[in-house]
Amino acid sequence: MFPSLLRRSTAVGYIARAKAHGAQSLLGPFQSTGERFDHLLRGMDCVKVEDGHVECQIPITEALQNSYGTLHGGCTATIVDVLGTMALLTKDATRPGVSVEMSQSFLAPAKGGEVIVARGEVVKYGRALGFTEVRLFDAKGKLLATGKHTKAFPS
């Protein structure tokens, strides 16, 4: 097979870091889990972490763009996934959960070269499920996309 794909990453990602050091460790540059899918968000910077809320700035680099030079919809889904999880980690850094449902609505394009703001918020936090909403804005505050992310907390 492909030996490079079989190697296990030794990188400490944002989930492990939050578990070890608490939710405030999410502040600053995004820590991906090595070369896994979320490594595309390495340019993201988390600028605010509060109870049930995170805010990050994301430069729309070429790697995040579609063929039209705007933020790729799949990347928007990844942002919703990651920021929803980060918001949940502010409630309990040991419970990232597992995704059970996720959706996105695309309202306007984010152009390549721009820096967008993404805000993740916990809508409801229960014993078995966590519900989050993520919103993406351009530099002028225009809403670009929204996403909802539901995660289960298996026992």
Side-chain angles (χ1 to χ4, degrees), residues 8-61 63-64 66 70-110 114-155:
R8 185 166 177 104
S9 172
T10 58
V12 176
Y14 71 101
I15 293 172
R17 189 171 71 184
K19 184 177 182 179
H21 305 289
Q24 290 300 312
S25 68
L26 298 171
L27 281 168
F30 177 69
Q31 295 293 311
S32 69
T33 50
E35 292 301 317
R36 294 188 181 157
F37 194 79
D38 65 2
H39 82 279
L40 289 173
L41 296 180
R42 283 188 182 146
M44 182 171 79
D45 192 39
C46 189
V47 296
K48 186 185 290 186
V49 174
E50 298 173 347
D51 184 38
H53 180 85
V54 295
E55 183 173 310
C56 298
Q57 297 175 345
I58 307 162
I60 308 304
T61 62
L64 305 183
N66 58 26
T70 61
L71 180 64
H72 193 286
C75 187
T76 300
T78 300
I79 293 167
V80 169
D81 183 6
V82 169
L83 265 78
T85 301
M86 291 171 88
L88 289 170
L89 290 170
T90 69
K91 293 292 200 181
D92 183 342
T94 66
R95 293 178 67 192
V98 293
S99 298
V100 295
E101 183 180 26
M102 198 167 68
S103 65
Q104 298 80 41
S105 294
F106 307 99
L107 308 171
E114 291 183 337
V115 176
I116 63 169
V117 174
R119 295 185 184 116
E121 187 169 348
V122 176
V123 176
K124 182 173 180 179
Y125 187 78
R127 183 177 42 82
L129 293 171
F131 299 86
T132 67
E133 185 169 283
V134 177
R135 294 178 177 200
L136 282 63
F137 300 89
D138 69 10
K140 295 178 181 176
K142 179 180 179 182
L143 185 61
L144 304 172
T146 63
K148 294 184 179 191
H149 191 195
T150 305
K151 297 191 88 171
F153 306 118
S155 51

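Everything quoted here is computed from the prediction, not taken from an experiment. Throughout, residue positions are numbered sequentially from 1 according to the sequence presented. Below, each value reflects all heavy atoms present in this structure, side chains not excepted, and no hydrogens, waters or symmetry copies.
- Taking a cutoff of 4.0 Å between a charged side-chain nitrogen and a carboxylate oxygen, Glu35 and Arg42 qualify as a salt bridge.
- In this structure Tyr125 satisfies the ring-ring contact (aromatic ring centres under 6.0 Å, His included) test together with Phe153, sequence neighbours excluded.
- Shown here is Arg135, whose CZ atom has no more than 12 heavy atoms of other residues, nucleotides or ligands within 6.0 Å.
- The CG atom of Asp45 sits 12.0 Å away from atom CZ of Phe30, with the distance rounded to the nearest 0.5 Å.
- Minimum interatomic distance between Arg95 and Leu89 (heavy atoms only, all atoms of both residues): C-CD2, 4.2 Å.
- Of all heavy-atom pairs between Ala93 and Ala18, the closest is CB-O, 3.2 Å.
- Atom CD1 in Ile58 sits 10.0 Å away from atom SG in Cys46 (nearest 0.5 Å).
- The CG atom of Asp138 sits 9.0 Å away from atom CD1 of Ile116, with the distance rounded to the nearest 0.5 Å.
- Of all the heavy atoms in Gln24 and Val49, the pair that sits closest is NE2-O, 3.2 Å.
- Inter-residue side-chain proximity for Leu136 and Leu71 is flagged as met; some heavy-atom pair is nearer than 4.5 Å.
- No side-chain heavy atom of Thr90 sits less than 4.5 Å from a side-chain heavy atom of Glu50.
- Across every non-hydrogen atom of Gly120 and Val134, the tightest pair is CA-CG2, 4.0 Å.
- A distance of 9.0 Å separates SG of Cys56 from CG of Leu41, quoted to the nearest 0.5 Å.
- Separation of atoms NZ (Lys148) and OG1 (Thr150) is listed at 9.0 Å; rounding is to 0.5 Å.
- Interatomic distance, OG1 of Thr146 versus CZ of Phe106, reported as 9.0 Å (0.5 Å rounding).
- Screening Arg119, Gln57, His53 against Lys48 for a side chain to side chain contact (heavy atoms under 4.5 Å, CB included) leaves a single residue, His53.
- Put simply, the side chain of Glu114 never gets that close to the backbone of Ile60: no donor and acceptor are under 3.5 Å apart.
- What you find for Thr70 and Pro109 is that their closest heavy atoms are CG2-CB, 3.7 Å.
- Among residues two or more places apart in sequence or in another chain, the side-chain hydrogen bond (donor to acceptor under 3.5 Å, both in side chains) test is passed with Asp38 by Thr33.
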What pairs of donor and acceptor atoms, side-chain ones from residues 77-88 against any protein atom, are under 3.5 angstrom apart with sequence neighbours left out?
residue: Thr78; atom: OG1; partner: Gly74; partner atom: O; Å: 3.1
residue: Thr85; atom: OG1; partner: Asp81; partner atom: O; Å: 2.9
residue: Thr85; atom: OG1; partner: Lys151; partner atom: NZ; Å: 2.6

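- Pairing each heavy atom of Leu64 with each of Pro59, the nearest pair is CD1-O, 3.4 Å.
- In this model, a donor atom of one side chain and an acceptor atom of the other lie less than 3.5 Å apart for His149 and Ser99.
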